[in-house]
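Notes follow once the structure below has been shown.
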Amino acid sequence: MTAKEIIIALMIHLIIPILGLFYFLRLKNQMKNENIENPPVKELFLIFATYGGLLLVLLTTLLWKWSGLASLGIFYLIFGAPIVMGIISNKYKHSRMISKYHNCVFITGISYFAIAPITFFILFLVSKN
């Protein structure tokens with residue numbers, strides 16, 4: 001394995017997930033410091049995991065080698081994530097005025113239904129070549 005391949009593998013499988021986890025924890029602490037009523041911590045974690053998975057599948061397709069784990073990720077993104085994001089969007093449909101975090105959870109939940117198909121279409125076009 002070359003140095004370039006090692007750097008790409010570390011970026012995709014280690015650095016990006018760690019950065020996502022740190023950003024999630026930062027938002028969680030920010031909500032705690034702002035005394036947000038009923039903070040959407042669990043939902044925010046699921047959103048981070050879903051969009052992070054989408055990013056990892058995208059980067060794997062573009063820069064790395066497809067694997068069984070990538071196949072499991074795409075399976076979740078196609079079949080599981082729409083259910084999860086739909087539940088989150090429906091749950092926060094009426095409570096999005098509580099805080100900017102609640103509104104952001106609603107928007108990112110509903111946006112998945114546009115972002116994911118576009119991403120899958122791009123991946124299909126790229127992988128076809």
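We number each residue from 1, following the sequence as shown. Scope of the values below: all heavy atoms of this structure, side chains included, with no hydrogens, waters or symmetry mates.
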Subject >> I15 side chain near L19 side chain, heavy-atom distance below 4.5 Å >> reply: yes
Subject >> Candidate pair F75 and F79, rule ring-ring contact (aromatic ring centres under 6.0 Å, His included), full reasoning >> reply: CA-CA 6 Å; F75 182 80; F79 296 109; 5.0 Å; yes
Original post:
Going hydrophobic residue to hydrophobic residue with side-chain gaps under 4.5 angstrom, can you get from I18 over to M11?
Top reply: no
Original post:
How long is the span from the CD1 atom in I107 to the CZ atom in R96, to the nearest 0.5 Å?
Top reply: 7.5 Å
Original post:
Can you hop from F120 to L72 via hydrophobic side chains spaced under 4.5 Å?
Top reply: no
Subject >> Polar side chain donor-acceptor pair, K93 to N90, under 3.5 angstrom >> reply: yes
Original post:
Under 4.5 Å between side-chain heavy atoms, hopping through other hydrophobics if needed: is there a path connecting M1 to L59?
Top reply: yes
Original post:
What closest approach, in Å, do G109 and S89 show between heavy atoms, and which atom pair accounts for it?
Top reply: C-OG, 3.0 Å
**OP:** Go through T60 and W66 one step at a time and tell me if the side chain to side chain donor-acceptor pair (under 3.5 Å) criterion holds.
**Re:** CA-CA 6 Å; T60 299; W66 197 257; over 6 Å; no
Original post:
Is L63 reachable from L10 through a run of hydrophobic residues whose side-chain heavy atoms are each under 4.5 Å from the next?
Top reply: yes
**OP:** Check whether any side-chain heavy atom of K65 lies under 4.5 Å from a side-chain heavy atom of E5, and answer yes or no.
**Re:** yes
Subject >> Atom pair CG/CD1 of L123 and I74 - distance to nearest 0.5 Å >> reply: 6.0 Å
**OP:** Report the distance from atom CG of L62 to atom OG of S127, rounding to the nearest 0.5 Å.
**Re:** 9.5 Å
Original post:
Is there a path from Y23 to Y101 through hydrophobic residues (I, L, V, M, F, W, Y) whose side chains come within less than 4.5 Å of each other?
Top reply: yes
Original post:
If you count the non-hydrogen atoms of other residues, nucleotides and ligands that lie under 6.0 Å from CG in L69, is the total more than 12?
Top reply: no
Subject >> Heavy-atom pair with the smallest gap, counting every atom of P17 and L56 >> reply: CG-CD1, 4.2 Å
Which donor-acceptor pairs under 3.5 Å do side chains of residues 38-51 form with protein atoms, sequence neighbours excluded?
unit_1	atom_1	unit_2	atom_2	d
E43	OE1	Y92	OH	3.2
E43	OE2	K91	NZ	2.5
E43	OE2	Y92	OH	3.4
T50	OG1	L46	O	2.8
T50	OG1	Y76	OH	2.8
Y51	OH	T108	O	2.7
Y51	OH	Y112	N	3.1

**OP:** Considering non-hydrogen atoms only, spot the tightest contact between I36 and S99 and give its length.
**Re:** CG2-OG, 3.7 Å
